[in-house]
> 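Take a look at this one; I'll ask things after.
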Amino acid sequence: MTDSLGNWRRTHYSKRIDPEMSGEEIIVMGWIHEIRDLGGIIFVLLRDRDGTIQITAPSKKISKELLEEIRKLRKESVVAVKGIIQESGKAPGGYEIIPNEIKMLNESKLPLPLDTTDKVRAEIDTRLDSRYIDLRRPTSSAIFKIKSRMLHSVRNFLEKGEFIEINTPKLVASATEGGTELFPITYFEREAFLGQSPQLYKQMMMATGFDKVFEIAPIFRAEEHDTLRHLNEAISIDLEASFCDQEDVMHILEAVVHTAIGDVIEHCSDELEILGVDLEIPKIPFERIDYGDVVDIVNSKGVNMKHGEDLSRAAEKAIGETMDGYYFITGWPTDIKPFYVMPNLETPKKSCAFDLMYKDLEISSGAQRVHKHDLLVERIKKQGLNPVSFERYLAAFEYGMPPHAGWGLGAERFTMCMTGVNNIRETVLFPRDRRRLTP
RNA sequence: GCCCUGGUGGUGUAGGGGCUAUCAUGUGGGCCUGUCGAGCCCACGACUCGGGUUCAAAUCCCGGCCAGGGCGCCA
C-alpha cells in the first residue's frame with residue numbers, strides 16, 4: 001500500500017542537517033538504502049541526492065504500529081519520513097532521526113538488478129542496462145555532478161568573455177564535410193544526416209559579425225570504433241572567434257580548462273573524495289610541443305612513426321609517458337588536417353592547427369582557419385572534395401569574412417580527465433556506442 | 001572490421017566430460033535494543049543460444065549473439 005504525498009514537502013536534504021538542529025521536527029524524502037533490523041531497534045538508512053541519513057527506530061520510543069511499518073520497509077522503496085533530529089555520538093555523522101510518521105510513496109520491485117550499496121560490484125554493461133538504479137550509487141552520480149559543474153563553469157567563463165552562445169542544426173543535408181562516417185536519416189522524401197560537427201556553421205557565424213561564439217551540443221559519428229575513449233554520440237564544446245589566430249584561442253582554451261578544474265575543485269570536493277581523485281589545478285600556460293619533436297620522441301621510445309603521419313595509439317602512449325598533464329601539440333602537417341585549417345604562411349606544409357592532450361588522450365583540437373575564399377576552394381580540391389557541395393558554406397567567405405580561429409573540446413573526454421575514470425561510457429548518462437542504442 | 005579472452009542464481013564469482021554445481025551478496029522467514037560491509041539459523045534461486053562429438057556435455061569441437069581487453073577506423 002502506498003501513501004500520497006499530500007501536503008508533505010521535504011524540509012531538508014540529508015547533507016543539510018547538523019547536530020545543532022537537535023530537537024527540530026523535519027521531513028526527509030528519498031530511497032531506502034539499507035535496513036538493519038536488530039529486533040528491539042531498527043536502523044534505516046535513507047538516501048537522497050546528497051547522501052544518507054540514519055532513521056533510528058527504538059521500540060521503546062515509538063509506537064508498535066510505526067515499528068511494524070518500519071519493519072516492512074524494503075530496499076529502494078521511496079519514502080517520506082517526519083521525525084525529530086537527535087544528536088547522537090553513536091549515529092553516523094553524529095545525528096539521527098527518530099521517526100514520528102512515515103509515508104510509503106512507492107514500493108520497489110525486488111530483487112534489484114544491481115546492488116546499490118557497492119557490496120557486490122556490477123559490470124558496466126549490467127549497470128548501463130539499469131542506469132537509473134546505477135546512478136543511485138554515489139560513485140556513479142559523482143561523475144555527473146562534476147560534469148555538470150564543468151559545463152556550468154565553461155558557460156560562465158565564456159559568457160564573461162562576451163561569447164555568444166549559439167545553436168546550430170544537427171540535421172544536415174550532405175556528407176561532404178569529409179572523412180568521418182555520418183549517420184543517414186530520412187528527412188521527409190530526402191536523405192539527410194546527423195551532424196558530425198558544428199564546424200562549418202560556427203565559421204559562417206564569423207561572417208555575421210557575432211565575433212565570438214560557442215556551442216555546447218551533441219555531435220554524431222558513425223565510426224565502428226569500439227574503445228574506452230570513443231562514443232557515437234558525444235557532447236562537443238565548440239568555440240570560434242574572429243580577429244584571432246591559433247595562439248589567441250589556445251590561450252582561451254587553457255584558461256577554460258584551468259577555470260573549470262578550479263571550479264570543480266571548489267564546488268565538488270565531496271564528489272572528488274567519493275571518486276578518490278586528488279585533482280590539482282594545472283599550471284598555465286600549458287607546455288607546447290612541436291609535431292616534429294613529437295615524431296622524434298615517439299621514435300626514441302621505440303615506436304615507429306613517420307613524419308606526416310597522425311599519431312597511432314602506440315604513439316599517443318609514448319608521448320603521454322614523456323609529457324605530464326595538459327600540453328599542446330602544434331605545427332601539425334597541413335596534409336593530415338582538414339581543409340579549413342590555415343597552412344602556415346612561411347612553411348605551408350605545416351599548419352596552424354593544434355591538439356590539446358592530457359597525458360595520452362586527445363581532448364581538443366583547433367586551428368586558425370582559412371578565411372580567404374580562393375585558398376579554401378583550393379584546399380577543398382586538394383583534399384579530394386568537391387567545392388560545389390560546399391557552395392552555401394563557401395559563399396559566406398565572399399562577402400567579408402574576418403580572419404578567425406577556434407576549437408572543439410570533447411566534454412566527455414575532459415570529464416574523464418577530471419574524474420579519473422578510464423571508460424568514457426562512465427561519463428555519459430545513456431551512452432551510444434557500436435552496440436548500445438538502449439536505454 | 002581484426003586479434004586475444006570470456007559468457008554459471010537478481011548481482012559478482014569458483015569449478016571444468018558422470019557427484020546434491022562452489023562461495024559471497026541478495027531475496028523470503030526466524031532470533032537479537034546501538035547497527036554502521038551488523039551477527040547467527042533456515043530456505044529460495046544459475047551453467048548464453050543453435051548444431052556436432054560421446055553411453056554421458058555446463059565442461060570438448062563448430063557457428064551465432066553478447067561482453068571484457070588490445071588495435072584499427074575516428075576531415
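Heavy atoms only: backbone and side chains are in, while hydrogens, waters and symmetry mates are out. Sequence lines set the chain letters: A, B, ... in the order given, protein chains first and strands last, and positions in each chain run from 1.
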> Would you mind telling me which of B:C73, B:A67, B:G34 lies closest to the side-chain atoms of A:I41?
B:G34

> Would you verify whether the NZ or CZ of A:R49 falls within 45 degrees of the ring axis of A:Y13 while also being under 6.0 Å from that six-membered ring's centre?
yes

> Quick one: is A:R435 getting a side-chain N or O under 4.0 Å of the B:A67 phosphate, OP1 or OP2?
yes

> What is the separation between atom CG on A:L311 and atom P on B:G72, rounded to the nearest whole Å?
11 Å

> Tell me whether A:E398 at atom CD has more than 12 heavy atoms from other residues, nucleotides or ligands lying less than 6.0 Å away.
yes

> Calculate the interatomic distance between A:I35 atom CD1 and B:G26 atom P; express it in whole Å.
11 Å

> Within the modelled atom types, does a donor on one side and an acceptor on the other bring the side chain of A:E96 and the base of B:G34 under 3.5 Å apart?
yes

> Give one of base, sugar-phosphate or nothing for A:K60, where a contact means two heavy atoms less than 4.0 Å apart.
base

> Please give, in whole Å, the distance from B:C36 P to A:L38 CG?
8 Å

> Calculate the interatomic distance between A:L110 atom CG and B:U25 atom P; express it in whole Å.
17 Å

> Measure distances between side-chain N and O atoms of A:T126 and base N and O atoms of B:U11, and say whether any donor-acceptor pair falls under 3.5 Å.
no

> Could you tell me how far apart A:I42 (CD1) and B:A38 (C1') are, to the nearest whole angstrom?
14 Å

> Should the pair A:K103-A:E101 be classified as a salt bridge under the 4.0 Å nitrogen-to-oxygen rule?
no

> Give A:I124 one of three labels, base, sugar-phosphate or nothing, depending on what nucleic acid heavy atoms sit under 4.0 Å from its own.
sugar-phosphate

> State plainly whether the residues A:K349 and A:D335 are in salt-bridge range, i.e. N to O under 4.0 Å.
no

> Taking OP1 and OP2 of B:U11, is either one under 4.0 Å from a side-chain nitrogen or oxygen of A:R127?
no

> Once hydrogens and angles are ignored, does a donor-acceptor distance under 3.5 Å link the base of B:C73 to the side chain of A:H225?
no

> Using only modelled atom types and a 3.5 angstrom limit, is any donor from either the side chain of A:E123 or the base of B:U11 paired with an acceptor on the other?
no

